[in-house]
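Here the structure is laid out as structure tokens; the discussion comes afterwards.
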Protein chains: 2
Amino acid sequence: MRSPEELTVAFRSAGLKVTPQRQLLFRLLHDNSSHPTADSLHSAATAVMPGISLRTVYQTLTDLAEMGELQSIEVGSGSLRFDPNVSDHHHAVCDGCGDVHDVYVSKAPVLRGLDDFSVSDAHIVYRGQCGACSALVATK
Amino acid sequence: MRSPEELTVAFRSAGLKVTPQRQLLFRLLHDNSSHPTADSLHSAATAVMPGISLRTVYQTLTDLAEMGELQSIEVGSGSLRFDPNVSDHHHAVCDGCGDVHDVYVSKAPVLRGLDDFSVSDAHIVYRGQCGACSALVATK
DNA sequence: TTGCTAATTAGCAATTGATGCAGATAAGGT
DNA sequence: ACCTTATCTGCATCAATTGCTAATTAGCAA
Ligand SMILES: [Mn+2]
Ligand SMILES: [Mn+2]
Ligand SMILES: [Zn+2]
Ligand SMILES: [Zn+2]
């Protein structure tokens, strides 16, 4: 995702308006690697701008996704997560704390059973334990 | 997933009862490679046994999953899909018709960015076009 | 067979994440 | 400053799933 300043320009030239709510979300999302949900973003936004609507958060996330500034991912946590990192990568989800980490995969594996199917995209979800959660279990 | 006959024994010895509703679902799921949703299963079941409740379908699917007889997968179609194939495999989803196909991956790819995380499971979702949908587009 | 009892079913309420809708508001070009 | 149009908020709605419970029934035992 581009910087809040660049997004301001991009939104205006797309005929979209740049509101305080959107600027706040631009800032909250920029360089955010926590893969937040709409709800967690709304909480963070509310701390700065009380009264901001969850509906507005959803709306802005949808706009950003349509502009290709972020991707939405589904890792089985029940709700969509939003990722300003739009590079080609995958995710590891900790079964302990639920945190989502970025994973980069060197090379596509060889497939079997996929005759007559043209693949345009692949997304891998790894599950396991992050370092912190492994340590917790060990000390118990 | 085991055969309806074997499941009958397994359920009884687990203290669970074998009802006509469950037997029907055993049959509908056995060797079913369509990755059905709870709702599509309920439709299929209703055709044979009018009045069977969607709640019962969910309940039986949960029981079977807890017994390890089937797995539930999430491929971004909004609802859970159930898979009596519990072997280690992945899935390809057609963006045209939504059909879900099994994919077998030879060997785990090399990962980067996963320091300090122990992976216990991985699931790959491929997206693309199945043969039938590619053909449709070609003839248009 | 018959009876007992715990498991199951069906129906409906409740929950959750997300989207539809509309009147009030405000961005931003003129 | 003004006007048009996009946006915001609050609320209704929706879809998938789970919670709850009275009525039913499977399966064991007498
Ligand atoms: Mn990511
Ligand atoms: Mn499968
Ligand atoms: Zn963790
Ligand atoms: Zn298809």
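The sequence lines fix the lettering, A, B, ..., with proteins before strands; numbering per chain opens at 1. For clarity, every value in this text was computed on a predicted model and none was experimentally measured.
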Atom pair distance, as rounded to whole Å: CG in B:Leu41 and C1' in D:dA16: 15 Å
Between C1' of C:dC21 and CD of A:Gln59, the distance in whole Å: 12 Å
Side-chain N,O (A:Thr19) to OP1/OP2 (D:dC8) below 4.0 Å: yes
Closest listed nucleotide, where the reference is the side chain of A:Tyr58 and the choices are C:dT19, D:dG27, D:dA26: C:dT19
Residue matched to D:dA30 through Watson-Crick or wobble contacts both under 3.5 angstrom: C:dT1
Heavy-atom side-chain proximity of A:Val103 to B:Arg112 below 4.5 angstrom: no
Sugar-phosphate, base or nothing in reach of A:Leu54, heavy atoms under 4.0 Å: nothing
Contact nearer the 5' end of DNA chain D, comparing B:Glu74 with A:Val57: A:Val57
Distance test, side-chain N/O of A:Gln21 to OP1/OP2 of D:dT9, below 4.0 Å: yes
Side chains of B:Asp99 and B:His35, donor plus acceptor under 3.5 Å: no
Side chain of B:Lys17 (C-beta onward), nearest among C:dG11, D:dA6, D:dA26: D:dA26
Integer-rounded Å distance: C:dT8 P and B:Glu66 CD: 11 Å
Closest to side chain of B:Ser53, choosing from D:dA26, C:dA18, C:dA10: C:dA10
Most 5' of B:Pro20 and A:Arg12 on DNA chain C, judged by nearest nucleotide: B:Pro20
Side-chain heavy atoms of B:Val119 within contact of B:Phe117, under 4.5 Å: yes
Test item: A:Tyr126 and A:Val105 side chains (from C-beta on) under 4.5 Å apart, heavy atoms: yes
Gap between atom CD of A:Glu74 and atom NE2 of A:His91 - 0.5 Å precision: 12.0 Å
Side chain of B:Thr56 (C-beta onward), nearest among D:dT7, C:dA7, C:dT9: C:dT9
Selection from C:dA7, C:dG20, C:dT9 that lies nearest to any side-chain heavy atom of A:Arg55: C:dG20
